[in-house]
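The next block holds one structure in the form of structure tokens; read it before the comments.
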Amino acid sequence: MKKTVMLMLALLTSLPASMLGREAQVASPSGKLVVAVTDEGGRPTYAVTFDGRQVMLPSALGFKANFGDFTQGLKITGTKAEQVDKCYEMRQAKQSHVHYVATLLTVDFENGQKQKMSMQFSVGDHDVAFRYLIPRQRGDNPKSAVILSEQTSFSLPEGTTTFLTPQSDPMIGWERTKPSYEEVYQADAPMTQRSQYGHGFTFPCLFGLPPTPSQGRGTANAEHGGWVLISETGVSSAYCGSRLSDCKSIEAPLGAVGGASYQIAYPMEGENNGVGSVAPGIALPGETPWRTITVGETLKPIVETTVQYDVVEPLYQLNPQLASVNPYGRYTWSWLIWQDNSINYDDQVKFIDLASSMGYELCLVDNWWDNNIGRERMAQLSKYAQQKGVSLMLWYNSNGFENDAPQTPRQCMNTAMARDREMAWLKSIGVKGIKVDFFGGDKQETMKLYEDILYDANRYGLLCIFHGCTLPRGWERMYPNYVSSEAVLASENVFFGEDAAKRQPFDLTMHPFCRNASASMDWGGIIMNKYLSKDNKSRHTRKTTDIFEMASGITMQAAVQCVAMQPNNLTENELPPFEVEWLKALPTTWDETRFIDGYPGRYVVLARRHGDDWYVAGLSALKEPLKLTLDLVGIFPAGTQLKYYVDDRKTGQPTLSTLKVDKKGKAKVEIQPNGGLILQR
């Protein structure tokens, strides 16, 4: 791989004396992605170009702390560039082996009071990650600080469109549980469109850049001239989670025109039931989380990025009990369709038996189990499951004091003493994981609760899934027993209302490009019932085809994946045998992920490799059949005869046939409306 370091520190001598500044530039190893940092006018800014095109206009940097102002009166005092070249392994994300190569630039700043801070930029071929480094100041003080606000912004060119979901008001919705990070995405909206609640947008944030004149109409880039995904990673108990504000027109002091700017916003006062500061406190020397920008001329770098893991490190070692086995797999879940009434001993036995017959590793027992089953019988249920080759995961309420969600068990995960007692019991009865629900926002107080749950769970050999929660930010690598989070308007809403069922194809063709591109996502169910009801005859119908649902098990990435089959799917012979056999063999861990084709909210085709086996899966949200020619070079050799799972054009029924890869490594396929496809050897 070509390794190029470009570093420039120079006076901008063409400016008036009062505006003189210094600039540092750093390029990716390929030289295509370039970041320029300046202190022009005493205000730190950065800009990003990709392949000669400016994709991030001059954007503000800096912060205000309780001991100093680092937004104005700053000057660059020094720079340092070095190469990053590292490899690491992960089992529960989109790639199992990652080779990260980047250029790391550190830019030192000093304000008018001689106080110091630094910026670090880690620049890969398609990714920029940056953060603030804050040292102790003169006299070795202060040794701690509160970061009151950040000026950090992201300024995008005029004509950029957005693919965003809004940040909710705090303490609204069902039992005052919002924000739950379960709002609706909008596709191709203008930057000028205000967020639904007026609080900006939840990470990750996807943007489509306008086409350049040279790209023109009638080309593959007719709608967009490139893509930008903005998010953050490395958020632990040492900081709060952030979001993007609503955009503002770019004005002085940046001196830039022709775009709009989004700024980092901290949590709202009302989050976490008003408990805890909105401003994070950090020990010094210290650093902020990494903010990330992924850039691509196509959507391929967006879908395949690993930057959220590249710049963070594990905070502890995986429990040997989990490290010695593969703890991931598939789980059955009664609650999605059978709801609260199913949380009883006899019904859970049915779903354990279903998991066992399918060869699935896990069964999730949801809320109210402590009341409806009881702890003594839960121990018996866990023993029964283990005899059937299945392990249990149990649901918990995170509360505490964050909201009014009534479901129990409550107050088992909110303190160290309660967790220690509860997790020791879970380990004693052979439970393998927990699903913890109803968190209170993005304050540092809440981030500490996530971290404490994860660390304590690891001590007892438990995997963790979170629901009613925020976006995970690098957590798969930081916390090795972490699996996935909801943080999306997920499958339960397909059950609750027909509107969400109708929107499901849009949602699941949106998330591979934004929510699931940034982190593991527990959508919560490959739904195989035709109707959203226990009897499979009443309420509203599922709006997707069987093949769509099966393919979503590949396009959605989570190392512990819910297959929301119901006992009737087997006993009433509702599913063709080839579907059942395919669902039995569905992998959940992946060694490699490749983007093949798609557009956010319309359709997606991905390839994922498990060991030596490739799976190509496609989903469509379009109203007309979608004909595609897929480039399968490097996935399946030319001439390979493939299994072709697809919906019949006339009947919409699932079919299994064969398809041959041509001499050029391509295959012509057709996906039906709200349908899917799967290709594999």
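For the numbers below, each heavy atom of this structure counts, side chains included, while hydrogens, waters and symmetry mates do not. None of these values were measured; they are calculated from a predicted model.
Residues Gln641 and Thr658 have side chains that bring a donor and an acceptor to within less than 3.5 angstrom of each other. A donor atom on one side chain and an acceptor atom on the other are found under 3.5 Å apart for Thr544 and Glu549. Between the side chains of Glu498 and His540, no donor N or O sits under 3.5 Å from an acceptor N or O. Judged purely by distance below 3.5 Å, without hydrogens or angles, the side chains of Asn529 and Gln566 never pair a donor atom with an acceptor atom. Residues Gln680 and Trp582 have side chains that bring a donor and an acceptor to within less than 3.5 angstrom of each other. With hydrogens and angles left out, the side-chain atoms of Tyr360 and Ser357 include no donor and acceptor closer than 3.5 Å. Side chain to side chain, Gln193 and Gln186 meet the donor-acceptor criterion of an N or O pair below 3.5 Å. There is no side-chain donor-acceptor pair under 3.5 Å between Gln653 and Asp647. Counted by atom type alone, Thr541 and Lys543 present one or more donor-acceptor pairs between their side chains at under 3.5 Å. Side chains of Asp591 and His97: a donor-acceptor N/O pair is absent below 3.5 angstrom, by distance only.
Under the 3.5 Å distance criterion, the side-chain polar atoms of Thr655 are matched with a main-chain donor or acceptor of Val646. Within the 3.5 Å criterion, the main-chain N or O of Lys584 finds a donor-acceptor partner in the side chain of Arg330. Without hydrogens or angle criteria, Thr545 side chain to Phe548 main chain gives a donor-acceptor distance under 3.5 Å. The backbone N or O of Asp648 lies less than 3.5 Å from no partner atom in the side chain of Thr651, so there is not a single donor-acceptor pair. Under the 3.5 Å distance criterion, the side-chain polar atoms of Thr509 are matched with a main-chain donor or acceptor of Phe506. Using modelled atom types, no side-chain atom of Thr640 and backbone atom of Leu642 make a donor-acceptor pair closer than 3.5 Å. The closest donor-acceptor contact from the side chain of Asp125 to the backbone of Ser30 lies under 3.5 Å. A donor-acceptor pair is defined here as one N or O able to donate and one able to accept, closer than 3.5 Å; no such pair exists between the side chain of Arg609 and the backbone of Trp590. When atom types are taken as modelled, the side chain of Ser620 and the backbone of Leu622 share a donor-acceptor pair closer than 3.5 angstrom. Side-chain N or O atoms of Thr161 include none that pairs as donor or acceptor with a backbone N or O of Asp188 at under 3.5 Å.
Taking 4.5 Å as the limit, some side-chain heavy atom of Asn536 sits within range of a side-chain heavy atom of Glu574. Side-chain contact between Trp333 and Phe351: absent, with no pair of heavy atoms (C-beta onward) separated by less than 4.5 Å. Here the side chains of Leu322 and Leu463 are in contact, with some heavy-atom distance below 4.5 Å. Phe578 places a side-chain heavy atom less than 4.5 Å from the side chain of Tyr645. Within the 4.5 Å cutoff, no side-chain heavy atoms of Val563 are placed close to those of Met358. Using a 4.5 Å heavy-atom cutoff, the side chains of Leu244 and Phe154 are in contact. Looking only at side-chain heavy atoms (C-beta outward), Leu206 and Val228 stay at 4.5 Å or farther from each other. Between Arg608 and Ile554, some side-chain heavy-atom pair lies under the 4.5 Å cut-off.
Enclosure of atom NZ in Lys32 is not indicated, since only 12 or fewer non-hydrogen atoms of other residues, nucleotides or ligands lie within 6.0 angstrom. No more than 12 heavy atoms of other residues, nucleotides or ligands sit less than 6.0 Å from atom CD of Glu624. Counting heavy-atom neighbours within 6.0 Å of Lys530 NZ, excluding the residue itself, gives a total above 12. In the displayed structure, His610 atom NE2 is contacted under 6.0 Å by at most 12 heavy atoms of other residues, nucleotides or ligands.
For Phe130 and Tyr46, the distance between ring centers is under 6.0 angstrom. Between Phe203 and Trp290, the ring centre distance reaches or exceeds 6.0 Å. Taking the ring centroids of Tyr185 and His511, they lie under the 6.0 Å cut-off. Residues Phe207 and Tyr262 place their aromatic rings such that the two centres sit under 6.0 Å apart. Checked against the 6.0 Å centroid threshold, His126 and Phe50 count as a close aromatic pair.
Screening Leu489, Thr165, Asn493, Asp499 for a side-chain contact (heavy atoms from CB on, under 4.5 Å) involving Val184 leaves a single residue, Leu489. Considering Lys94, Gln561, Gln557, Gln92 as possible partners of Ser520, the one that fulfils the side chain to side chain donor-acceptor pair (under 3.5 Å) test is Gln557.
Below 30°, between 30° and 60°, or above 60°: for Trp227 and His224 the angle between ring planes is between 30° and 60°, a tilted geometry.
Considering all non-hydrogen atoms of both residues, Ala519 and Tyr309 come closest at CA-OH, 3.9 Å. Heavy-atom minimum distance, Ala517 versus Pro512: CB-O, 3.4 Å. Shown here for Pro654 and Glu579, the closest heavy-atom pair between the two residues is CG-OE2, 2.9 Å. Between Ser356 and Val390, the closest heavy-atom pair is N-CG2, 3.8 Å. In terms of heavy-atom proximity, Leu299 sits nearest to Pro600 at CD1-CD, 3.8 Å. Taking both residues in full, the closest heavy atoms of Leu659 and Lys668 are given as CD1-O, 3.8 Å, listed atom of the first, atom of the second, then distance.
Taking 4.0 Å as the cut-off between side-chain N and carboxylate O, Arg649 and Glu670 count as a salt-bridged pair. Salt bridge annotation for Glu313-Lys86: present, with a cationic side-chain nitrogen under 4.0 angstrom from a carboxylate oxygen. Salt-bridge check for Asp310 with Arg477: failed, with every basic side-chain N at 4.0 Å or more from each acidic carboxylate O. Between Arg594 and Glu592 there is a salt bridge, since a side-chain N of the basic residue sits under 4.0 Å from a carboxylate O of the acidic one. Classification of Lys432 and Glu361 as a salt-bridged pair fails, no side-chain N sitting under 4.0 Å from a carboxylate O. Between Asp507 and Arg503, at least one side-chain N (NZ, or NE/NH1/NH2) sits under 4.0 Å from a carboxylate O, which counts as a salt bridge.
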Exercise. Can Asp546 and Leu575 be said to form a side chain to side chain contact (heavy atoms under 4.5 Å, CB included), step by step?
Worked result: CA-CA 9 Å; Asp546 283 10; Leu575 303 182; 4.1 Å; yes
For this session: Show your reasoning for whether side chain to side chain contact (heavy atoms under 4.5 Å, CB included) applies to Ile527 and Leu336.
Result: CA-CA 9 Å; Ile527 304 171; Leu336 180 63; 3.9 Å; yes
Problem set entry | Chi angles and distances behind the side chain to side chain contact (heavy atoms under 4.5 Å, CB included) call for Leu105, Gln120 | CA-CA 6 Å; Leu105 171 68; Gln120 267 191 340; over 6 Å; no
For this session: Given side chain to side chain donor-acceptor pair (under 3.5 Å), test Tyr181 with Ser485 step by step and report yes or no.
Result: CA-CA 11 Å; Tyr181 309 90; Ser485 293; over 6 Å; no
Problem set entry | CA sep, side-chain torsions, deciding dist, call: Leu632, Ile596, side chain to side chain contact (heavy atoms under 4.5 Å, CB included) | CA-CA 8 Å; Leu632 303 177; Ile596 296 178; 4.0 Å; yes
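Cation-pi geometry between Arg602 and Tyr599 is met: the NZ or CZ atom falls under 6.0 Å from the ring centre, inside 45° of the normal.
Rounding to the nearest 0.5 angstrom, the gap separating the CD atom in Glu476 from the OG1 atom in Thr233 is 8.5 Å.
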